[in-house]
Amino acid sequence: MNKKILISTGGSGGHVIPATIIYKHLENNFDVYMTSDIRGVKFLNKDEYNLKIFNVRPISKNLLIMLFNFLLMIILIFKSIFFLRKNKINILISTGGYMSLPLCIGAKILNIKLLLFEPNMVLGRSNKFFISYCQKIFCYSNNVKKFPIKLKNKIKVIPALLRKNFYDKRDSNITLDTINLLIIGGSQGAKIFDDLVKNAIIELSKKYKLKIYQQTSSINFESFKKTYENNNINCELFNFNDDIINFMHKTDLCITRAGASTLAELNFTEVPYLAIPLPTAKDNHQFENAYFYNKLGFNWLLNQKEIDEKILLNKLINIIDNKEEYLAKKKNMKDFNYENTWNNINQKIISVINEN
Ligand SMILES: CC(=O)N[C@H]1[C@@H](OP(=O)(O)OP(=O)(O)OC[C@H]2O[C@@H](n3ccc(=O)[nH]c3=O)[C@H](O)[C@@H]2O)O[C@H](CO)[C@@H](O)[C@@H]1O
């Protein structure tokens, strides 16, 4: 009989998309289920997954709400225990975040094997909470910060998880006379990118011919289009687009936040990027993500608190004019990617599932 595996996820695309990838890696060999909160559902196609909603509310600082959420949490722990028992789940895989807390507690109570996933270069708080109980944790490096040294043997390093279509061969239609610039803020966008980046782009367009692919909220579409058109800038705007790889393939350079999945995807598609990590990210994990790849020579890194339009503009000019450095970054990425194949990751994950 096939092992029954539950993947618990929710929240942002950075949690849900890796969960869908793990699901696809396992669905041919095991009976796989997935749970997500309501927020996370928008990042997946419900028809493709055996999905159940477990709506865990975000942690609040308001005492009354905290009390109410605590009661809800207790109910969800009971619901989790019931769900895990009823479906005879053998293994729980959590992609982290508070959304997985009740199921992880349920798994611990029932003594169910727990596997964790940490794509960031700093161990997340909820993963930290279960690290001594879990059997293994999938990471992209052995040197994840805030990781308890004596538990490092639990780390199973895998190449970065990518949606299957990232491995499809595609022709890139990069035109030599135009600089194709992708601006992307993570699954929820990045408000600060709107004005800061837009104004720098307008100045940049006075020096180079640009094609802009920009993620922004749909309410900005009209005004952005107008501004870019008035400045003769060719642009394509999108809110959340499932086929992000399509944009990455057309891109020469990207300006991005430093969510783990986005960086992994840019590394794989060999698009050098200027990372501006979210300064308020927990334990500064976005900076650590970008810095990890910065040391490998994949990106340029700017601190949001230290930049304005002028600094950003000068940095972009510097990057564009320094062709050798740009090409070196592309080459560094290429050399790094050879181990990242669907089959290699598939075998690594399945071998951990089959460990006793
Ligand atoms: C604000 C915040 O705290 N973000 C965190 C969140 O992920 P967050 O969702 O912000 O960022 P990630 O880069 O990890 O993931 C975004 C995912 O959404 C996809 N995408 C995005 C836009 C689009 O139009 N289409 C599309 O498919 C990206 O390709 C990527 O696969 O969890 C990640 C994993 O713990 C962290 O590294 C991030 O720091």
Side-chain angles (χ1 to χ4, degrees), residues 8-24 36-37 39-45 58-59 94-100 116-128 137-141 144-146 160-166 182-193 212-218 220-221 236-251 254-269 271 273 275-293 299 304 340:
S8 157
T9 190
S12 70
H15 290 96
V16 177
I17 292 170
T20 63
I21 300 169
I22 297 173
Y23 191 105
K24 296 282 174 197
S36 167
D37 60 359
R39 230 160 49 99
V41 173
K42 65 171 182 277
F43 300 110
L44 49 80
N45 176 359
I59 294 158
S94 159
T95 61
Y98 62 83
M99 303 74 69
S100 295
L116 302 175
F117 169 67
E118 180 55 77
N120 295 301
M121 293 303 158
V122 181
L123 185 64
R125 295 182 186 187
S126 125
N127 277 346
K128 196 167 191 176
I137 176 163
F138 296 108
C139 297
Y140 295 163
S141 159
V144 172
K145 301 232 157 134
K146 293 194 180 270
L161 294 180
L162 299 166
R163 282 164 277 187
K164 212 166 186 177
N165 61 353
F166 271 77
L182 173 67
I183 299 144
I184 181 168
S187 64
Q188 299 151 96
K191 266 211 176 80
I192 173 121
F193 278 21
I212 304 295
Y213 303 99
Q214 184 160 3
Q215 183 197 13
T216 184
S217 77
S218 358
N220 286 336
F221 276 23
E236 221 174 286
L237 305 171
F238 59 97
N239 184 356
F240 182 87
N241 189 311
D242 280 333
D243 202 15
I244 191 83
I245 186 180
N246 196 19
F247 293 111
M248 290 185 181
H249 269 290
K250 292 177 186 163
T251 297
C254 178
I255 302 174
T256 181
R257 281 296 192 208
S261 294
T262 303
L263 298 196
E265 291 158 2
L266 291 166
N267 296 338
F268 190 77
T269 45
V271 177
Y273 50 93
I276 308 177
L278 175 73
T280 53
K282 291 242 160 59
D283 301 317
N284 215 7
H285 71 260
Q286 286 212 350
F287 169 80
E288 295 296 343
N289 291 346
Y291 185 57
F292 180 81
Y293 296 118
N299 64 32
Q304 182 179 308
N340 194 330

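From a predicted model like this one, the values you see are computed outputs, not experimental measurements. Each ligand, and each atom within it, is numbered from 1 in the order the structure gives.
Listed by number with element, the atoms of ligand 1 under 4.0 angstrom from any heavy atom of G259 are 11 (O), 12 (P), 13 (O), 14 (O), 37 (O), 38 (C), 39 (O). Counting atoms of ligand 1 from 1 in the listed order, those under 4.0 Å from a heavy atom of S12 are 6 (C), 7 (O), 9 (O), 32 (O). Less than 4.0 angstrom separates some heavy atom of L278 from each of these atoms of ligand 1: 1 (C). Near N239, meaning under 4.0 Å from any of its heavy atoms, are these atoms of ligand 1: 24 (O). The distance from ligand 1 to the heavy atoms of N289 drops below 4.0 Å at these ligand atoms: 37 (O). The contact set between ligand 1 and F238, taken as ligand atoms under 4.0 Å from a residue heavy atom, comprises 24 (O).
Within the 4.5 Å cutoff, no side-chain heavy atoms of L182 are placed close to those of V271. In this structure, Y293 and M121 have side chains that are in contact, with non-hydrogen atoms separated by less than 4.5 Å. For the pair E265/L162, a side-chain contact is recorded, criterion being any heavy-atom separation below 4.5 Å from C-beta on. For the pair E118/K128, no side-chain contact is recorded, criterion being any heavy-atom separation below 4.5 Å from C-beta on.
Nearest approach of A19 to T95, heavy atoms of both residues: CB-CG2, 3.7 Å.
Under 4.0 angstrom from ligand 1, there are no non-hydrogen atoms of K282. Contacts between R257 and ligand 1 below 4.0 angstrom, taking non-hydrogen atoms only, are absent altogether. With a 4.0 Å heavy-atom cut-off, ligand 1 is reached by the backbone of S261 and by its side chain too.
Here atom 5 (C) of ligand 1 lies nearest to H285 when heavy atoms of M121, H285, E288, E118 are compared.
Residue-ligand proximity: D243 is placed with every non-hydrogen atom at 4.0 Å or more from ligand 1.
Checked against the 6.0 Å centroid criterion, the rings of Y140 and F292 do not qualify as a close aromatic pair.
Using a 4.0 Å cut-off between charged nitrogen and carboxylate oxygen, R163 and D242 do not count as a salt-bridge pair.
For ligand 1, one of its N or O atoms has an N or O atom of G14 under 3.5 Å away. In terms of polar-atom proximity, I244 is not counted as a contact of ligand 1, lacking any N or O under 3.5 Å from an N or O of the ligand. Considering both main-chain and side-chain atoms, D242 never comes within under 3.5 Å of ligand 1 through any nitrogen or oxygen pair.
Here the side chain of Q215 pairs a donor or acceptor atom with the backbone of N239 at under 3.5 angstrom.
Atom CD1 of residue I183 and atom OG1 of residue T216 lie 9.5 Å apart, to the nearest 0.5 angstrom.
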